[in-house]
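What follows is one structure encoded as structure tokens, with my remarks underneath.
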Amino acid sequence: MGYEIQGNTGVWEIVVGLEVHAQVTSNAKLFSGAATAYGAAPNAQVSPVDAGMPGQLPVLNGYCVEQAVRTGLGLKAEINRESVFERKNYFYPDLPAGYQISQYAHPIVGKGELTLDMPDGTTRGIGITRLHLEMDAGKSLHNQQDDATLIDLNRSGVALMEIVSEPDIRTPEEAVLYMRKLRSILRYLGTCDGNMEEGSLRCDANVSVRKKGDAGFGTRCEIKNVNSMRFVARAIEYEARRQVELIEGGGTVDQETRLFDAQKGETRSMRSKEEAHDYRYFPDPDLLPVVLDEAFIERIAAGLPELPDAKKARYMEAYGLGPYDAGVLVADRTTGDYFEAVAAGRDGKQAANWVINDLFGSLGKAGIALENSPVGPAALGQLLDLLNAQTINGRTAKDVFALMFETGRDPDRIVEERGLRQVTDAGAIEAEVDRVIAANPGQVETYKKNPKVIGWFTGQVMKATGGKANPGGVQQILKAKLPPVEG
Amino acid sequence: MSLDKATVARIAALARIAVPESQQEALSGELSTIMGWIEQLNEVDTDNVEPLRAVMPIERHWRADEVTDGGAAEAITANAPKAHGAYFVVPKVVE
């Protein structure tokens, strides 16, 4: 899955690393007892600590530490037994203390790895550089008043995990796959809800370009505000092309922060952020180093759920699924649970096909989430039982599924009420076959030269039985009753 | 290590402290003296010495994940130079 940019002077490739800010799922903030719920009235969830009032002391929320460790373990990363909160100093109105409490030289989580599930069924590892805990800043509203900016500090102090990848990403699609996989793992772990619309998951992309085959890195730009799955690929594509055109035009790429403008589909320089890039980090004297003992880490490790990679391997092994189908089913915990309920005691591949193609297809078309599916796993399982017991044929099963999806009713009742049971009475089918052959001597002649016409006969018989015969059985009877094929 | 006037101006700008040019020369002398003192401390051999974080042993003190604060927007914005509704109001930030 190569991604190349054809320039005037040759072929270029892209080098991308992602910095993801994931909001920790917690009731209270990282250093205060104020609430974190989304959508509260302005400044309703602010403690004096979050407002940077003099004389206030931050106190670390232990649950947020647990969530960071949990996430680190989920990313197969080193957990640092000792980490340090530092002050990152800069002035901005939504940062009332004049510094953000973050981790710098000693993050809580070190190197890990995330596995991408490629569309062709292969996997590819992307390195995780680190994960650290930090507080969020407040929110600035620039468009409410012409001559002023309004500040809401509800978000100030909310716990974030900044998860930094190695520059291992080589295509815009890989960046999207990385984001999806990371979100999937976070949701399995329950450490971040992954909601990009509400800002619980935000992405900055470091993008550079180099001539294909070069080993060194070009100068990178940091693209901010890439806040939907759709924009991740678009922002990277635009930025890479911009850099190639700039370099080929005789210019050089400046290392700078750029903002992705989703409406225009372009990136532009954020000169305001350039001046203050000297953050003068130093250990926050208000906070002790975070020291973790083995028992603490072991307890969290013992409580980890089965994660997508392990579940995918199990689905391939236990149900005989291909890597692609298994990958689709494990993307969400709810999806996997649904599939396993359908597959229990049944053919796993068949269950996967119905869940992925029929159910997800219908849900997608109707814009309904799986949680609200009108067809539950028990009902879908019953439908497969009816099909496998040959009570109904394959065609009818699709129709019954459509009715189940429409009405939310059980397949048994739909089949009974509509009289959709397969006709298994061989005598009745034979009589119908005889009638169709007798009524169509011209088609019989055609069949002798072109045996494919048997499909037409099958169709006629199926029609006559209201679609309830078994098409395979009908063909067998037809073959026996039609004259032999010539030549 | 000595700090020149330009470095003093930059530190002042980063700290948002107005330092008129007339005072920069004097400040650069003072700050250079402080840096010299720190360099003197650096001469002490601290290999194999554990960093001391607190003079008294301090037990880990973590907060439970419970909402115990907030719900006081009026009090929070009460001392702000300017507020509008429950928001703080600051000079327009141009992005």
Leu288(A), part contacting chain B, at a heavy-atom distance under 4.5 Å: side chain
Highest number of heavy-atom pairs under 4.5 Å with chain B: which of Pro93(A), Gly138(A), Ala51(A)? Pro93(A)
Are side-chain N/O atoms of Asn225(A) and Asn227(A) paired as donor and acceptor at under 3.5 Å? yes
Under 4.5 Å from any heavy atom of chain B - which part of Val291(A): backbone
Taking the six-membered ring of Phe282(A) (Phe, Tyr or Trp), confirm whether the NZ or CZ of Arg87(A) is under 6.0 Å from its centre and within 45° of its axis. no
Please identify, among Ala44(A), Ala148(A), Ser47(A), Ser26(A), the residue contributing the most non-hydrogen atom pairs under 4.5 Å to chain B. Ala148(A)
Residue among Pro289(A), Pro96(A), Ala41(A) with most heavy-atom pairs under 4.5 Å to chain B: Pro289(A)
What's the shortest heavy-atom distance between Arg202(A) and Leu160(A), and which atoms? NH2-CD2, 3.9 Å
Highest number of heavy-atom pairs under 4.5 Å with chain B among Gly62(A), Pro285(A), Ala40(A), Cys64(A) belongs to Gly62(A)
Which one wins on heavy-atom pair count under 4.5 Å against chain B: Arg280(A), Gln145(A), Gln45(A)? Arg280(A)
Chain A contacts, top residue of Gly71(B), Ala80(B), Ala72(B), Gly85(B) (heavy-atom pairs, under 4.5 Å): Gly71(B)
For chain B, find which of Ala35(A), Ser32(A), Ser140(A) contributes the most heavy-atom pairs closer than 4.5 angstrom. Ser32(A)
Side chains of Thr191(A) and Gln67(A), donor plus acceptor under 3.5 Å: no
Does any backbone or side-chain atom of Asp147(A) lie under 4.5 Å from a heavy atom of chain B? Answer side chain, backbone, both or neither. backbone
For Asp284(A) and Asp286(A), indicate whether the former's side chain and the latter's backbone hold a donor-acceptor pair under 3.5 Å. yes
What part of Asp50(A) gets closer than 4.5 Å to chain B, counting heavy atoms only: side chain, backbone, both or neither? neither
Suppose we call two aromatic rings close when their centres sit under 6.0 Å apart. Are Phe85(A) and Tyr104(A) close by that rule? no
Ring-plane angle category for Phe260(A) and Phe231(A), please: parallel below 30°, perpendicular beyond 60°, tilted otherwise. tilted
Contacting region of His61(B) [heavy-atom separation from chain A under 4.5 Å]: both
So is Lys88(A) actually on top of Tyr279(A)'s ring, under 6.0 Å and inside 45° of the axis? yes
